[in-house]
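In the text below, chain A, chain B and the rest are named by the order of the sequence lines, each starting its count at 1.
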Amino acid sequence: MTSTIAEISINRPLFQSFDYLAPSDVQVGQRVVIPYGRGNQTLVGVITGLVDESKFSRLKHVQQVLDPEPVFSTQQLALARWIANYYQQALGEVLFAMLPNRLRQDNSSEPNQSTYLKLCQHENVPGSKQKRLLDLLAESDGQQLSMSEVRLNGFTTQTINSLIKRACIERLKLDDEPSVWHGEQQEKLTPSREQATVLNDIKLEQPGCHLLYGVTGSGKTEVYLQLIERCLAAGKQALVLIPEIGLTPQTVRRFQQRFARPIAVLHSGLSDSERLNQWLFVKHNKVDIVLGTRSAVFAPLANLGLVIVDEEHDTSYKQQDGIRYQARDVAIKRAFDDGIPVLLGSATPSLESLNNAWSGKFHWHQLTERTGRAQIPNIEMVDMRHAQLTAGLAERTLKRMQQHLADGNQVMVFLNRRGWAPSVMCQSCGWLADCPNCDARLVLHQHSSQLKCHHCGWQHPKPQHCPSCQSPELVGLGLGTEKQTDILEQQFANTPIIRIDRDTANQPGGIAKLLADVPEKGPALIVGTQMLAKGHHIPNITLVVVTDGDAGFWGVDYRASERMAQLLTQVAGRSGRGERHGEVLVQSRYPEHPFFSQLINFGYLGSARHWLNERQQALLPPYHSHAIIRCDAPHDWQAAQVLRQLVAQLTEAQVNIRVLGPVPATMAKRAKLYRQLLHFHAESRSELNRWLRYCRTLLQNMDTKQASWRIDVDPIDVG
DNA sequence: AGCACGCCGACT
DNA sequence: GTCGGCGTGCTC
Ligand SMILES: [Zn+2]
Ligand SMILES: [Zn+2]
């Protein structure tokens, strides 16, 4: 048998491929099993190239070719190469991150099959059961049904076997097919004047990036749906990315109801086998619409015609651990490669996308009218400085809440701190409960009577006495959602209160059960964290209260304003019911701070313009590119030493981009590791890339001992 | 990364 | 004598 030499990438952080002898008919993009290393352990690899010769003399043989057809197309391989280069990751690791978990091991990529029963002869048969089965099959699509459906209808193997003997029915193996929504279909809505303009301005035949600025409730989804419809009508496929928290059953339902065809859904809640199933449906061309979160950007659609990224500013598009990439940017690159349009939608676009739109790189579209709802409410500041606080809320705030509840409306109280109190102190000696593994205070969770670290997961039962002076006077300092809810329960004794945060959402039933607890009509208080701000429309809210408008402004993070404004704008979008104008109260100790007045007077876009100016002055993204090399080690000097050594080598090589540091991370110690950062700022993206690649080779050749390092390109957490 | 190999100390 | 600790170096 003739053979060829295959370059194979494996799921290890090695920036090289390995040459193996393979059967001459293998193709690039197929997975193979190889004997690897001195112990010849069997590993799955991906063929990334075929060559005639290798500089290695004793090549091993590929053990098994796993895929009859490549699991990666040439375009996907090219995309993987781009990601590996841009984010400084090993190609093999990128490729494996693009595959569903099951295909990272030696599982088959062929379509799943099930046994079906097909009607051959509909003749008179003795038993009534047999007769009923024939009737059932006769009525079914294609006169056939899957075995599981037949079983579900109560037919036994015996009935089936007798019918097969009579040659009335036959068994066949058929590919599994994705299910189609059989419930009520939803007709497409007549677009508003604004929607029609947007729909008219986006031409699917023309490649390019479109930024759709649409305030909450302005009908962005309807625009998506009608564009997808056009895309499908042109015989192409559509990919829709949605943030983790927004991809709810209701969202999926909305798409299913509009399109009488199967839709693949790829979200993080799927089991490995469900995820593989969905992925195989996409791979084998059985769906034309893919709905998914971050990693769905890699869905193997072969005939893509449109990519949509909903809530494009959402930080969950950035993968933070393992393989790092920004799915929104990968989506843009993928669309560019395919020569197709990509639509980014948001009520609070990222400064990156706004800059691209305002500089003419993206096409700008907007939806400013809320369909069937009152205008976005104004934000009203509440000065906390001299206020008497109950549950963290000023008298004025409580009064307003009282009014709204008395009118039978619902009120949302937002506090981005879960637990009872963010720290615990001894009143007689001043001892503070610190995490033994992190530079962080332990958070008191009163209901479970535990002290927990929100950074490393460490927890311990709440002590009865101060470990330092034995005094029993241990008190919680500050306010979390748990405590706020408890106090509000006393204040508003007859009002149902629902708390929505990670602690309550992790209980059985999850967030869906909590939302179901919100009464359909009548007053209710909904208390919660970040989780409340995104997704999950609660219809009867007329007042939103932000307990601490100053939280999150203490750091060095230049994205803090942008993120806070996005949060406040999103939260404000929750308020308002039908034509009833909603209200938003933001409590602050600095109510006159320009951040608030700007947001109130000039809105998100006006503020964004201002921040973009500041970023330009400060040579920060999106004008300059930013990357961070992070280094962790068990002793505080190790990480800094590695980075100092790196800086020395860079200086020697006459580095011509800005290098800052090493500096300790905002939380210098986390999970028993000391963390140091090295910042890189460059006007030119390619220069940054070049120097990062150089850093990577330096670090790979450096004896970093116990220190581990990673490169974060376009970081969102800067501290 | 993950594994084999190897060179040392502390156990039967 | 050997079991296992981690430090070193390689993987086609
Ligand atoms: Zn004490
Ligand atoms: Zn901790």
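Taking the centre and axis of the six-membered ring of A:Phe680, the NZ or CZ atom of A:Arg658 falls outside the cone set by 45° and 6.0 Å.
Nucleotide B:dG6 holds its P atom 8 Å from the CZ atom of A:Arg38, rounded to whole Å. Here the P atom of nucleotide B:dA1 and the CG atom of A:Leu95 are 18 Å apart, to the nearest Å. In this structure, CG of A:Leu43 is placed 10 Å from P of B:dG2, rounded to the nearest angstrom. Atoms CZ (A:Arg104) and C1' (B:dA1) sit 15 Å apart, rounded to a whole Å. If you take CD of A:Gln41 and P of B:dC3, they are 5 Å apart, rounded to a whole angstrom. In this structure, CG of A:Leu699 is placed 12 Å from P of B:dA1, rounded to the nearest angstrom. A:Leu50 places its CG atom 19 Å from the P atom of C:dC12, with the value rounded to the nearest Å. What separates CZ of A:Phe15 from P of B:dA1 is a distance of 10 Å, to the nearest Å.
In the model, A:Lys669 has no side-chain atom that pairs as donor or acceptor with a side-chain atom of A:Asn437 under 3.5 Å. Between the side chains of A:Trp691 and A:Asn656, at least one donor N or O sits under 3.5 Å from an acceptor N or O.
Each of A:Gly39 and A:Tyr36 lies near DNA chain B, and the nucleotide nearest A:Tyr36 is the one positioned closer to the 5' end.
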Quick one, A:Lys333 with A:Asp337, criterion salt bridge (charged side-chain N to carboxylate O under 4.0 Å, His left out). Give me CA distance, side-chain angles, the key distance, then yes/no. CA-CA 6 Å; A:Lys333 173 64 178 161; A:Asp337 287 347; 3.1 Å; yes
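With distances taken from any side-chain atom of A:Asp19 to the nucleotides B:dG2, C:dC12, C:dG9, the minimum falls on C:dC12.
Side-chain nitrogen and oxygen atoms of A:Tyr20 include at least one within less than 4.0 Å of the OP1 or OP2 phosphate oxygen of C:dC12.
Within the 4.0 angstrom heavy-atom criterion, no nucleotide atom of any strand lies near A:Ile8.
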